[in-house]
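Here is the structure we will look at, set down as structure tokens.
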Amino acid sequence: MSAMHYWLMKSEPSSFSIEDLRRRKIEPWDGVRNFQARNMLRDEMQKGDLAFFYHSSCAEPGIVGIMEIVRGGYPDPTAFDPMDHHFDPASDPDKPRWYQVDVRFKRKLRRVIALAELRVHKKLQGMQILLRGNRLSITPVSKQEWDYILKLE
DNA sequence: GCCAACGTTGGC
DNA sequence: GCCAACGTTGGC
């Protein structure tokens, strides 16, 4: 038994949006091909954790919804599929390189909390996603940041 | 479309 | 192990 954690997970809505997740209810969060993010998927994200769904590379980048981790890290099968866009010949099924979690849609926020808005708040200055040059598609969010952001809604 | 920032690869 | 070249991310 360990404390639950909070996360922020980016996705380009043109490939997978909060609406897509709402329709599908539960989805594997696959295709992550960055070692730092992989380590979080594999080692830190646990069933019961909550995550912000963040839309990136779109007209209004920002937080759009909330989801729950319903299965902790397990090998990402798309890495083994030569037909898949995320195929990685270096990932051996006996020693998988890439991991994923399963997420479940909880709800959309009543409005988009845009990146530009997040930047305005002093209390959020330490958020990893706001730090210069940050490109990680998965970042931890502190409970304080989580609660603060939800009060903005 | 531009470009800053960063990660990965591979030659040496 | 260094580091230049290259690829990717993602805001603007």
Side-chain angles (χ1 to χ4, degrees), chain A residues 5-24 27-45 49-69 72-142 144-146 148-153:
Chain A
H5 291 109
Y6 299 89
W7 307 93
L8 181 145
M9 301 167 81
K10 298 181 188 174
S11 178
E12 299 186 17
S14 58
S15 59
F16 188 71
S17 71
I18 187 71
E19 268 306 305
D20 294 326
L21 182 60
R22 188 182 62 76
R23 281 190 292 268
R24 308 273 275 274
E27 271 290 290
W29 199 270
D30 59 20
V32 174
R33 296 293 180 268
N34 169 283
F35 287 103
Q36 263 181 279
R38 185 281 309 270
N39 293 346
M40 289 187 267
L41 287 166
R42 188 189 57 190
D43 306 331
E44 296 179 43
M45 299 179 78
D49 287 357
L50 295 177
F52 286 131
F53 194 123
Y54 177 96
H55 279 174
S56 65
S57 292
C58 56
E60 192 181 31
I63 296 169
V64 295
I66 296 174
M67 53 196 172
E68 180 182 356
I69 311 303
Y74 63 103
D76 178 347
T78 66
F80 309 133
D81 177 1
M83 293 292 101
D84 195 282
H85 181 248
H86 296 292
F87 175 59
D88 180 1
S91 186
D92 177 350
D94 292 328
K95 200 171 183 296
R97 172 180 285 204
W98 304 117
Y99 281 71
Q100 63 186 17
V101 298
D102 288 349
V103 298
R104 177 169 61 212
F105 177 84
K106 279 191 77 94
R107 67 177 182 90
K108 287 174 75 169
L109 297 193
R110 289 191 287 277
R111 64 182 187 88
V112 177
I113 301 182
L115 175 62
E117 179 177 352
L118 295 174
R119 288 195 189 285
V120 163
H121 294 272
K122 261 214 147 80
K123 287 266 175 59
L124 300 178
Q125 275 180 358
M127 276 191 86
Q128 206 164 325
I129 195 184
L130 300 183
L131 300 183
R132 178 187 174 80
N134 172 75
R135 297 183 319 173
L136 267 189
S137 64
I138 300 175
T139 49
V141 173
S142 72
Q144 289 76 13
E145 291 162 348
W146 181 273
Y148 187 87
I149 289 167
L150 284 182
K151 279 187 204 143
L152 301 177
E153 187 178 1

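The figures here come from the full heavy-atom set of this structure, side chains too, leaving out hydrogens, waters and symmetry mates. Residue numbers start from 1 in every chain, and the chains themselves are labelled A, B, ... in the order their sequence lines are given, proteins ahead of strands.
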- Do the side-chain N or O atoms of A:Lys10 get closer than 4.0 angstrom to the phosphate oxygens (OP1, OP2) of C:dG10? yes

- Given side chains that start at C-beta, do those of A:Met9 and A:Met45 come closer than 4.5 Å, heavy atoms only? yes

- Task: Going by the ring-ring contact (aromatic ring centres under 6.0 Å, His included) test, name the single residue among A:Phe80, A:Phe87, A:Phe35 that passes it with A:Trp98.
- Result: A:Phe35

- Message: Rounded to whole Å, please give me the gap between CG in A:Leu130 and C1' in C:dG10.
- Response: 14 Å

- A:Arg97 CZ - B:dT8 P separation (whole Å): 9 Å

- Message: Rounded to whole Å, how long is the line connecting atom CG of A:Leu118 with atom P of C:dG11?
- Response: 11 Å

- Take atom NE2 of A:His86 and atom C1' of C:dT9, then tell me their distance rounded to the nearest Å. 14 Å

- Note on the structure: A:Asn134 atom CG is separated from B:dG7 atom C1', nearest whole Å, by 13 Å

- Return the value, rounded to whole Å, for the distance between atom CD of A:Gln128 and atom P of C:dG10. 13 Å

- Task: In whole angstrom, give the distance that lies between atom CG of A:Leu115 and atom P of C:dT9.
- Result: 18 Å

- Message: Tell me whether the rings of A:Tyr6 and A:Trp146 are parallel (<30°), tilted (30 to 60°) or perpendicular (>60°).
- Response: tilted

- Item | Beyond-backbone contact of A:Asp84 with A:Asp30, side-chain heavy atoms, under 4.5 angstrom | no

- Item | Phosphate-side-chain proximity, A:Tyr54 and C:dT9, N/O vs OP1/OP2 below 4.0 Å | no

- Note on the structure: Rounded to whole Å, CD of A:Glu12 lies from C1' of C:dT8 at a distance of 10 Å

- Task: With the side chain of A:Gln36 defined as its heavy atoms from C-beta on, choose the nearest nucleotide among C:dG10, B:dG7, B:dT9.
- Result: B:dG7

- Query: Side-chain donor or acceptor of A:Arg135 under 3.5 Å from a matching atom on the base of C:dT8?
  - Reply: yes

